[in-house]
Amino acid sequence: MRYLLAFLKKYSFFFLFILLEAAAFIWMMNGLAYQRSVMANLSGSLSGSVFSVVNNITNFANLGRENKKLLEENTRLKNKLAEKRHYQVVDSLVFDTLHYYTRDSLFFSKFVYEPVNFIHNTIHKPNNYLMADKGRKSQIGEDMGIVNSEGVVGIITDISGRFSWGMSMLNTNIKLSAKLKKNNQLGTVEWDGKDFRFGRLTDVPAHIDVFPGDTIVTSGFSQVFPEDILIGFVEEASVNQGTNLYNIRFRYAADFNSLDYGYVIKNLMIKEIDSISNISKPIR
């Protein structure tokens, strides 16, 4: 026993060193486990962030394609709705699909929708125009109506093979036949060249009740737009005592500052209607 105690005393610093080394090793291992946990959590967080960014970029890249698919689906639904509301005929000479007639005044008019992207648009000029990415190759012609999901946008004025220019509703030269939806009272939509958010409805007689919030739609009396397409909502109305007509200020339903996708409305019987209109009627 005496020799054992002497041995331990002699080598006490060595055993203390071993003990301290063991404690340090155990502490280090526990620390590494914690560090591994921290690194794992950090790595997972970074990976999640990277994947999230990549996913957002991918979604953004696919946004145009998805919007195009939605536009095509909306077009199909619009023409499907026309099938329920209008007279159905087959016209294989124009398109190899079904098209639809609507009664418009004394004529039968046929309208179909062509989806387009707006690739240029102005709003701050006295006479504003927009450009669509389809033209003559898509059977788009002059004097066809332009709409989007919100309402009336303009009228086609010039076309090329693959593109078309349209006169925006924000154009002082445009005059569009319209009506108050609640009572079918006719008027004319114009733009005064000032605020791109507001237009004017004229030629409405003063004895008609007009209130803020009243809906303004297309009359259907032109060959450009079908009846009851939304144009805007009355903001304020006052009577011009000199003419006994209303001066109606309305807000456009379409946001012209953010046009992206829309439709060109084709009246496939416009040439026949024009030819009939030009025929002199016999006097009775």
Side-chain angles (χ1 to χ4, degrees), residues 63-82 85-86 100 102 109-125 127-135 138-159 162-179 181 189-191 195-201 215-220 222-235 250-268:
L63 187 60
R65 183 173 59 185
E66 293 300 319
N67 284 339
K68 183 178 180 180
K69 289 170 61 178
L70 288 174
L71 194 65
E72 292 172 348
E73 177 66 10
N74 285 339
T75 304
R76 187 187 69 81
L77 293 175
K78 282 179 178 291
N79 287 324
K80 192 69 176 178
L81 179 62
R85 297 176 56 189
H86 304 154
Y100 316 100
T102 63
S109 299
K110 185 166 57 175
F111 295 98
V112 292
Y113 293 81
E114 179 71 33
V116 295
N117 297 338
F118 299 121
I119 57 178
H120 181 74
N121 176 48
T122 62
I123 62 172
H124 295 299
K125 300 179 180 180
N127 297 309
N128 293 285
Y129 287 85
L130 51 85
M131 178 178 280
D133 65 345
K134 291 184 180 179
S138 299
Q139 290 81 43
I140 290 176
E142 296 179 2
D143 298 325
M144 291 183 176
I146 311 170
V147 299
N148 68 358
S149 60
E150 298 170 321
V152 173
V153 171
I155 299 174
I156 297 293
T157 56
D158 297 283
I159 52 173
R162 294 183 298 170
F163 302 97
S164 54
W165 277 99
M167 181 167 57
S168 167
M169 293 297 291
L170 307 181
N171 192 303
T172 57
N173 293 317
I174 202 165
K175 294 183 183 296
L176 180 64
S177 177
K179 66 180 182 179
K181 187 174 183 178
V189 165
E190 303 174 351
W191 189 56
D195 194 324
F196 70 89
R197 298 171 298 172
F198 300 101
R200 294 179 59 224
L201 180 65
T215 303
I216 301 172
V217 297
T218 54
S219 68
S222 73
Q223 304 305 321
V224 179
F225 295 100
E227 187 178 8
D228 290 335
I229 295 182
L230 183 60
I231 299 175
F233 305 96
V234 173
E235 283 280 318
F250 71 88
R251 179 182 292 271
Y252 288 110
D255 183 357
F256 290 92
N257 197 34
S258 61
L259 295 180
D260 45 16
Y261 302 96
Y263 309 89
V264 171
I265 302 178
K266 303 176 183 179
N267 182 344
L268 300 180

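Just so you know, residue 1 is the first one in the sequence shown, and it goes up from there. Remember, predicted model here, so these are calculated numbers, not experimental data.
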Please confirm whether the backbone N or O of [Y] pairs with a side-chain atom of [X], one donor and one acceptor, at under 3.5 Å?
{"X": "E150", "Y": "D255", "answer": "yes"}
{"X": "S177", "Y": "S219", "answer": "no"}
{"X": "N128", "Y": "I123", "answer": "yes"}
{"X": "T218", "Y": "A178", "answer": "no"}
{"X": "N127", "Y": "T172", "answer": "yes"}
{"X": "N117", "Y": "I119", "answer": "no"}

Just so I know, are the side chains of [X] and [Y] near enough to count as touching, which here means a heavy-atom distance under 4.5 Å?
{"X": "V116", "Y": "I140", "result": "yes"}
{"X": "I231", "Y": "L176", "result": "yes"}
{"X": "I155", "Y": "F225", "result": "yes"}
{"X": "T215", "Y": "F233", "result": "yes"}
{"X": "E114", "Y": "K266", "result": "yes"}
{"X": "Y113", "Y": "I265", "result": "yes"}
{"X": "F198", "Y": "R251", "result": "yes"}
{"X": "W191", "Y": "M169", "result": "no"}

For [X] against [Y], the heavy-atom pair lying closest together:
{"X": "G141", "Y": "I159", "result": "CA-CD1, 3.9 Å"}
{"X": "I146", "Y": "G166", "result": "CD1-CA, 3.9 Å"}
{"X": "L259", "Y": "F118", "result": "CB-CD1, 3.8 Å"}

To the nearest 0.5 Å, how far apart are [atom1] in [X] and [atom2] in [Y]?
{"X": "I156", "Y": "W165", "atom1": "CD1", "atom2": "CH2", "result": "11.0 Å"}
{"X": "M131", "Y": "D158", "atom1": "CE", "atom2": "CG", "result": "9.5 Å"}
{"X": "K175", "Y": "R200", "atom1": "NZ", "atom2": "CZ", "result": "8.5 Å"}
{"X": "T122", "Y": "L130", "atom1": "OG1", "atom2": "CG", "result": "8.0 Å"}
{"X": "I229", "Y": "Y263", "atom1": "CD1", "atom2": "OH", "result": "11.5 Å"}
{"X": "Y252", "Y": "R197", "atom1": "OH", "atom2": "CZ", "result": "12.5 Å"}

message: Could you walk me through whether K179 and V217 satisfy the side-chain contact (heavy atoms from CB on, under 4.5 Å) test, starting with their C-alpha distance in whole Å, then the side-chain angles of each, then the deciding distance to 0.1 Å, before giving a yes or no?
response: CA-CA 6 Å; K179 66 180 182 179; V217 297; 3.7 Å; yes
- prompt: Run the side-chain contact (heavy atoms from CB on, under 4.5 Å) check on V153 and F256 step by step: do they pass?
  reply: CA-CA 8 Å; V153 171; F256 290 92; 4.1 Å; yes
task: Determine, stepwise, if the pair Y129 / H120 fulfils side-chain contact (heavy atoms from CB on, under 4.5 Å).
output: CA-CA 8 Å; Y129 287 85; H120 181 74; over 6 Å; no
- prompt: Does NZ belonging to K134 count more than 12 external heavy atoms closer than 6.0 Å?
  reply: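 Enclosed.
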